[in-house]
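Take a look at the structure below.
FYI, side chains are in, hydrogens and waters are out, and symmetry mates aren't considered; it's all heavy atoms of this structure.
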Amino acid sequence: MRSSHPRSAAVAALVATALATGLLAGSADAAEGDASAGSVRIHDIQGTTRISPLNGKQVTDVEGIVTGVRTYGSRGFWIQDPDADDSDATSEGVFVFTNSVPTVAVGDAVKVSGTVGEYIPGGLTSGNQSVTQISKPTVTVASSGNALPEAAAINEYTVPAEYAPAGDPAAAGSINGLALEPSRYALDFYESLEGMNVRIGTSRVVGATDPYSELWVTVKGWENAAKRGGTVYGSYESQNTGRLQIQQLAPIAQQPFPVANVGDKLTGTTEGPLDFNQFGGYTLVARTLGTVKAGTLAPEKTKPQAEQELAVATYNVENLDPTDPQEKFDALAKAVVENLASPDVLALEEIQDDNGAKNDGTVSAEQTLTKFTTAITAAGGPAYQWRTINPEDKKDGGEPGGNIRQVFLFNPARVSFTERAPGDAVTATGVVKENGKTHLTRSPGRIDPANPAWADSRKPLAGEFVFRGKTVFVIANHFGSKGGDEGLTSHHQPPVRKSEEKRLLQAQAVNGFVKEILAADKNANVLVLGDINDFEFSATTDALADGGALYPAIKSLPKSERYSYVFQGNAQVLDQILTSPAIKKFTYDSVHINAEFADQNSDHDPQVLRFRP
């Protein structure tokens, strides 16, 4: 299981750096001296902000009841004072970091002496909030078998509707120094329970079990509900306050973690300490885990295209290469045939070179594509042909050595590809009008590959197709990832989304190219599609659509169906198909076959658009 708190000897240095840079509230003077022996309670350590007023101080004989013991990853235990103070803002629980396997048991009444600190999961630059803890502890067990403090209820009535306060402009947008308002803000509510024994009742699963033995539920079943059971992330202001990550305290070898899909229910009571980690923020680490009641969710199948309809799809196949097991190729192929109804044109993202992540200069993907198209034919699909441009080695980002790229598959029985002086990795395609006909100078070709926007990122692949005598321009994309962005639970509010800067430039480049096509032929059929790695309400999508050049077709769906990916319990849009103004009538389908399920062939759902050129 992934460690919730990957620790090192650098923790103390991290906290000192944070204090020195002012990112954490507190004073360097706090590290001087000890708190009075026997006088410090847990709520004194936690204080009324996110940062302990005793940060850096030694404390002696802090009393509490052990509510949870973690023997793996970040080893330690949680204690809670059963005699709460009158403030809702001060938590009565705290984590005791032992580094080695703890020798205490749940129900022990203990006295703990040690150093109060603020540990930042993921490090200072991650933007994550910190976890108040006691480290280098000396522990005395006074008695055993004590009743645990009553668990605080996390439910639709206790979690506020507003997500977070605005960050303090004087502290670079941080909320660390702000007084907690747990009755007003969800993040403040969760922070006021940090380290405490908490519980949820029967709750709907909104993020399937992942490989790290964790899942997500919502305690607000009505909050931005998706049609199929998830919770839709529909704007930067719709963070979905009811989402909560669930892990378990029992080691997986002793107690397998349940497998759940979106729409299932975690029934009964789930109870344990409330932790905070870098992979999702506030997490209920269950001492008692509810039972998963399976729902009826099944992978979707899209409607086959009519004879006169052109079906165009996009699918991120998640680093596909010949070293993957045949089962992955077969499953993806079956999805293309049965779930996507064998689209006429299929843009693929994350096709790797012929030896995958082996970093030896190989850039060809001939073997990858042969294996995949053969699997599609074996599944009963068409004999797809492909067009692509091999990237320069190590120039397009992604898994090192993998050389991912976009690829066009097309069914030659239904559509033809117009070959025009095929481009290479560094040569740009352009737009010309000859004899009244608009066409690309290179097909397939790359759009503006020398543009700094595409540095260490996939370059767009443009191609000309002909369907029933009509030309259709298709541009396949895989924009820069969201890597490095701060999470929704960041101590900066709003969180810093640094990766958007690059995608904005990429969107502007593609939008400019589409405008060149439309300037030559305002009635041109243009489709821009792929893994855009950004939301339909983002500045990236707005830049793609600028000037009415394109329309984000996923917006034609009801809001409860607008998603292609599930991240930390939020169903959201990353994969898109955008249409030029000439494509006035179409049907659009986000085909949900992966993102909601624990068993995935990819972590993305494919998108399909059907229209009559």
Donor-acceptor contacts, no H, no angles, side chain residues 327-334, under 3.5 Å, sequence neighbours left out:
from	atom 1	to	atom 2	distance (Å)
Lys328	NZ	Val317	O	3.4
Lys328	NZ	Glu318	O	2.6
Asp330	OD1	Gln326	NE2	2.9

Evaluate the ring-ring contact (aromatic ring centres under 6.0 Å, His included) criterion for residues Phe408 and Phe410: first the C-alpha distance (whole Å), next the side-chain angles of each, then the deciding distance (0.1 Å), finally the verdict.
CA-CA 6 Å; Phe408 292 129; Phe410 64 95; 8.6 Å; no
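- A salt bridge between Lys555 and Glu536 is absent, with no side-chain N of the basic residue lying under 4.0 Å from a carboxylate O of the acidic one.
- Ion pairing between Asp448 and Lys459 fails under the 4.0 Å rule for side-chain N and carboxylate O.
- The aromatic rings of Tyr588 and Phe586 sit perpendicular to each other, their planes meeting at more than 60°, with 30° as the lower class boundary.
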So Asp424 and Arg446, salt bridge (Lys or Arg N to Asp or Glu O under 4.0 Å) or not? Walk me through it.
CA-CA 7 Å; Asp424 55 33; Arg446 287 181 145 195; over 6 Å; no
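- Not a single donor-acceptor pair under 3.5 Å links the side chain of Thr427 to the backbone N or O of Ala425.
- When the options Lys502, Arg497, Lys498 are evaluated for a salt bridge (Lys or Arg N to Asp or Glu O under 4.0 Å) with Glu500, the one that passes is Arg497.
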Just distance, no hydrogens or angles: give the donor-acceptor pairs under 3.5 Å from side chains in residues 252-260, sequence neighbours left out.
from	atom 1	to	atom 2	distance (Å)
Gln255	NE2	Gln248	OE1	3.2

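- Applying the side-chain hydrogen bond (donor to acceptor under 3.5 Å, both in side chains) rule to Asp360 yields the partners Asn355, Thr362; only residues at least two apart in sequence or on another chain are considered.
- Of the options Leu504, Leu505, Thr540, a side chain to side chain contact (heavy atoms under 4.5 Å, CB included) to Phe479 is made by Thr540 and by none of the others.
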In a table with atom names and distances, give each donor-acceptor pair under 3.5 Å that connects a side chain of residues 289-303 to protein atoms at least two apart or in another chain.
from	atom 1	to	atom 2	distance (Å)
Glu300	OE1	His592	N	3.0
Thr302	OG1	Asp589	OD2	2.8
Thr302	OG1	Arg610	NH1	2.9

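- Under the ring pair (Phe, Tyr, Trp, His ring centres under 6.0 Å) criterion, no residue pair touches residues 348-399, with sequence neighbours excluded.
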For Arg243 and Glu223, what are the C-alpha separation, side-chain angles and deciding distance, and is it a salt bridge (Lys or Arg N to Asp or Glu O under 4.0 Å)?
CA-CA 9 Å; Arg243 292 175 304 113; Glu223 188 177 41; over 6 Å; no
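- Taking the side-chain hydrogen bond (donor to acceptor under 3.5 Å, both in side chains) definition, one finds that Thr218 meets it with nothing, sequence neighbours left out.
- Relative ring orientation between Tyr565 and His604 is described as tilted, the plane-to-plane angle lying within the 30° to 60° band.
- Without hydrogens or angle criteria, Thr231 side chain to Val206 main chain gives no donor-acceptor distance under 3.5 Å.
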